[in-house]
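Let me begin by presenting the structure, written as structure tokens, before commenting on it.
This one's a predicted model, so the numbers in the text were calculated from it and none came from an experiment.
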Amino acid sequence: MPLSEVKDEIYFSMAITYQNMLNYPKAIEYFKLAINQNPTYEMAMEELSACFGITGKLQEGVIFYKVLIDKDPYSYAAWYNLGDVQCRLGNYEEALQAFDYCILIKDDYAPAYLDQAHVLAMLGHFEDAILKYKQTFEYYKPDAITYFNIAECYEKLEQMDDARTYYKKAVKILPDMAQAWYGIAITLEFEERWYEAIHYVRKAIEKDEHNSEFWLLLGDCEYNLNNIAEAGECYIKVVEEEPELIDGWLSYAHYLTETGNADEAIQITEKALFVSSRSSRFILSPNC
């Protein structure tokens with residue numbers, strides 16, 4: 001086989017080598033050479049976009065893919081990767097448009113539907129996101145993450161029956177998915193079905209016993225069932241293990257107030273205010 005016919009593979013191999021060496025500028029250089037040699041090289045585009053993200057050269061990625069599209073407006077892979085880098089830049093409307101063009105060219109390209117759904121969800125367009133996620137079912141077998149994402153959208157819409165259905169689909173595929181068990185519990189807590197919520201949040205804790213949000217939900221459920229001692233233990237665990245979680249302090253303070261410990265509740269509230277102000281200063285001045 002003539003060398004000219006395998007140049008793209010040689011360039012790609014060199015790019016991967018540089019990528020493994022963490023020499024991303026050289027990796028970018030050779031991924032570009034591979035794509036220029038073979039403008040349909042989808043895997044090279046995917047790796048190149050990742051390198052643009054790692055090096056913070058996403059704007060360079062936008063320019064590169066736009067030039068590629070000018071040469072071949074029907075390159076679905078170029079449109080998809082343009083959408084990817086636009087999304088990473090936070091240019092969500094531009095990303096949606098690029099994914100639209102990708103789908104127009106190749107209407108069975110599931111990654112474009114998935115990423116479009118992610119963007120729609122980030123923009124708060126939950127109903128549209130659900131439709132996009134479900135469109136992917138025509139082209140690939142949905143995984144636990146897709147079911148979980150759909151469930152989250154339904155939860156945001158406060159359609160808890162549907163949310164619970166999809167969280168359950170997620171854990172059926174991936175039983176160790178703690179966040180999905182927690183999601184089921186959240187939907188039940190929203191409906192004030194405390195006993196059932198406790199069952200599912202304990203399932204989440206079995207999978208990830210160090211997640212303070214799980215313990216906080218368990219505390220809230222126990223409190224609503226008038227299991228006062230159990231609730232207090234949960235709240236104490238939360239504030240001790242994750243003092244930065246403001247909701248934990250506030251729930252604990254409320255618990256103390258309601259159980260006749262007003263003075264201690266005031267002290268806990270002051271601690272919450274201190275933690276909150278310290279966190280705000282850190283956010284504003286990360287180098288201090």
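Identified under the side chain to side chain donor-acceptor pair (under 3.5 Å) test for residues 70-79, with sequence neighbours left out: Glu42-Tyr76. Within the structure, salt bridge (Lys or Arg N to Asp or Glu O under 4.0 Å) pairs that include any residue of residues 114-134 do not occur (at least two apart or interchain).
The backbone N or O of Ile184 sits less than 3.5 Å from a side-chain atom of Thr187, completing a donor-acceptor pair. Remark: side-chain polar atoms of Thr136 are paired, donor with acceptor, to backbone N or O of Tyr133 under 3.5 angstrom.
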Pair Ile186, Glu213 - check side-chain contact (heavy atoms from CB on, under 4.5 Å), show working. CA-CA 11 Å; Ile186 285 288; Glu213 289 187 345; over 6 Å; no
Using side-chain contact (heavy atoms from CB on, under 4.5 Å), reason through Asn91 and Val62 one step at a time and then give a plain yes or no. CA-CA 11 Å; Asn91 299 332; Val62 171; 5.5 Å; no
Can His118 and Cys87 be said to form a side-chain contact (heavy atoms from CB on, under 4.5 Å), step by step? CA-CA 10 Å; His118 297 334; Cys87 184; over 6 Å; no
Between Phe12 and Phe31, does a ring pair (Phe, Tyr, Trp, His ring centres under 6.0 Å) hold up when you go through it step by step? CA-CA 6 Å; Phe12 182 80; Phe31 281 132; 5.7 Å; yes
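Tested against Tyr167, the residues Glu155, Glu152, Gln179 include a single side-chain hydrogen bond (donor to acceptor under 3.5 Å, both in side chains) partner, Glu155. Screening Phe99, Tyr80, Tyr139 for a ring pair (Phe, Tyr, Trp, His ring centres under 6.0 Å) with Tyr109, the sole residue that qualifies is Tyr80. Exactly one of Glu241, Glu240, Glu233 qualifies for a salt bridge (charged side-chain N to carboxylate O under 4.0 Å, His left out) with Lys237. That residue is Glu241.
Looking at Thr146 and Asp143, their side chains do bring a donor and an acceptor atom within 3.5 Å of each other. In summary, the side chains of Asp8 and Gln37 do not present any donor paired with an acceptor at a separation below 3.5 Å, with no hydrogens or angles considered. Using a 3.5 Å distance cut-off with no hydrogens or angles, the side chains of Glu138 and Tyr113 do not pair a donor with an acceptor. Residues Glu9 and Asn38 have side chains that never bring a donor and an acceptor to within less than 3.5 angstrom of each other.
Val171 and Phe148 fall within a single hydrophobic cluster, where Ile, Leu, Val, Met, Phe, Trp and Tyr side chains are chained together by heavy-atom contacts under 4.5 Å. Hydrophobic clustering (ILVMFWY, side-chain heavy atoms < 4.5 Å, transitive): Tyr195 and Leu218 are in one cluster. Side-chain heavy atoms closer than 4.5 Å link hydrophobic residues (I, L, V, M, F, W, Y) into clusters, and following such links, even through other members, never connects Val67 to Phe52. Put simply, Met160 and Phe126 are part of two different groups of oily side chains (I, L, V, M, F, W, Y) that touch within less than 4.5 Å, one to the next. Hydrophobic clustering (ILVMFWY, side-chain heavy atoms < 4.5 Å, transitive): Leu174 and Tyr166 are in distinct clusters.
Electrostatic pairing of Lys57 and Glu29 does not count as a salt bridge here, judged by no charged N lying under 4.0 Å from a carboxylate O. A salt bridge links Lys32 and Glu60; the closest N-O separation between the charged side-chain nitrogens and carboxylate oxygens is under 4.0 Å.
Interatomic distance, OH of Tyr235 versus CG of Asp247, reported as 11.0 Å (0.5 Å rounding). For the atom pair CD (Glu242) and CG (Leu216), the distance works out to 9.5 Å, reported to the nearest 0.5 Å. Atom CG in Asn227 sits 6.5 Å away from atom CD1 in Ile198 (nearest 0.5 Å). Separation of atoms CZ (Phe137) and CD1 (Ile150) is listed at 3.5 Å; rounding is to 0.5 Å. Note that the OG atom of Ser49 and the CG atom of Asp84 stand 5.0 Å from one another [nearest 0.5 Å]. The CG atom of Leu217 sits 12.5 Å away from atom OG of Ser212, with the distance rounded to the nearest 0.5 Å.
Residue Ala27 comes nearest to Cys51 through the heavy atom pair CB-SG, 4.2 Å, listed as atom of the first residue, atom of the second, then distance. Of all non-hydrogen atoms in Ile103 and Ala112, the two that sit nearest each other are CG1-CB, 3.7 Å. Nearest heavy atom pair, residue Ala178 against residue Ala204, reads O-CB, 3.5 Å. Heavy atoms only, all atoms of each residue included: Arg88 and Gly53 are closest at NH1-CA, 4.0 Å. When all heavy atoms of Ser251 and Asp220 are compared, the closest pair comes out as OG-OD1, 3.9 Å. Residues Ala44 and Ala34 come closest through the heavy atom pair CB-CB, 4.5 Å.
By the side-chain contact (heavy atoms from CB on, under 4.5 Å) test, Leu68 is found to be paired with Ile35, Met45, Phe64, Tyr65, Ala78, residues two or more places apart in sequence or in another chain being considered. Evaluation of the salt bridge (Lys or Arg N to Asp or Glu O under 4.0 Å) rule for Asp108 yields Lys106 as partners, not counting sequence neighbours. Residues passing the ring pair (Phe, Tyr, Trp, His ring centres under 6.0 Å) test with Tyr92: none are found, sequence neighbours excluded. With sequence neighbours excluded, no residue forms a side-chain contact (heavy atoms from CB on, under 4.5 Å) with Lys172.
At a threshold of 4.5 Å between non-hydrogen side-chain atoms, the residues Ile130 and Asp162 do not count as touching. Proximity of Glu189 to Asn224: side-chain heavy atoms (C-beta onward) are nowhere separated by under 4.5 Å. Cys102 places none of its side-chain heavy atoms less than 4.5 Å from the side chain of Gln116. You'll find the side chain of Asn81 stays beyond 4.5 Å of the side chain of Leu48, heavy atoms only.
Within 6.0 Å of CE on Met43 lie no more than 12 heavy atoms contributed by other residues, nucleotides or ligands. Atom NZ of Lys207 has more than 12 neighbouring heavy atoms from other residues, nucleotides or ligands inside a 6.0 Å radius. Taking a 6.0 Å sphere around OH of Tyr101, one finds it holds 12 or fewer heavy atoms contributed by other residues, nucleotides or ligands.
Aromatic ring orientation, Trp181 versus Tyr200: parallel (interplanar angle below 30°, classes split at 30° and 60°). In this pair, Tyr30 and Tyr11 present their aromatic rings tilted. The plane angle is within the 30 to 60° band. The aromatic rings of His254 and Tyr223 stand perpendicular to each other, their planes meeting at an angle above 60°, with 30° marking the opposite boundary.
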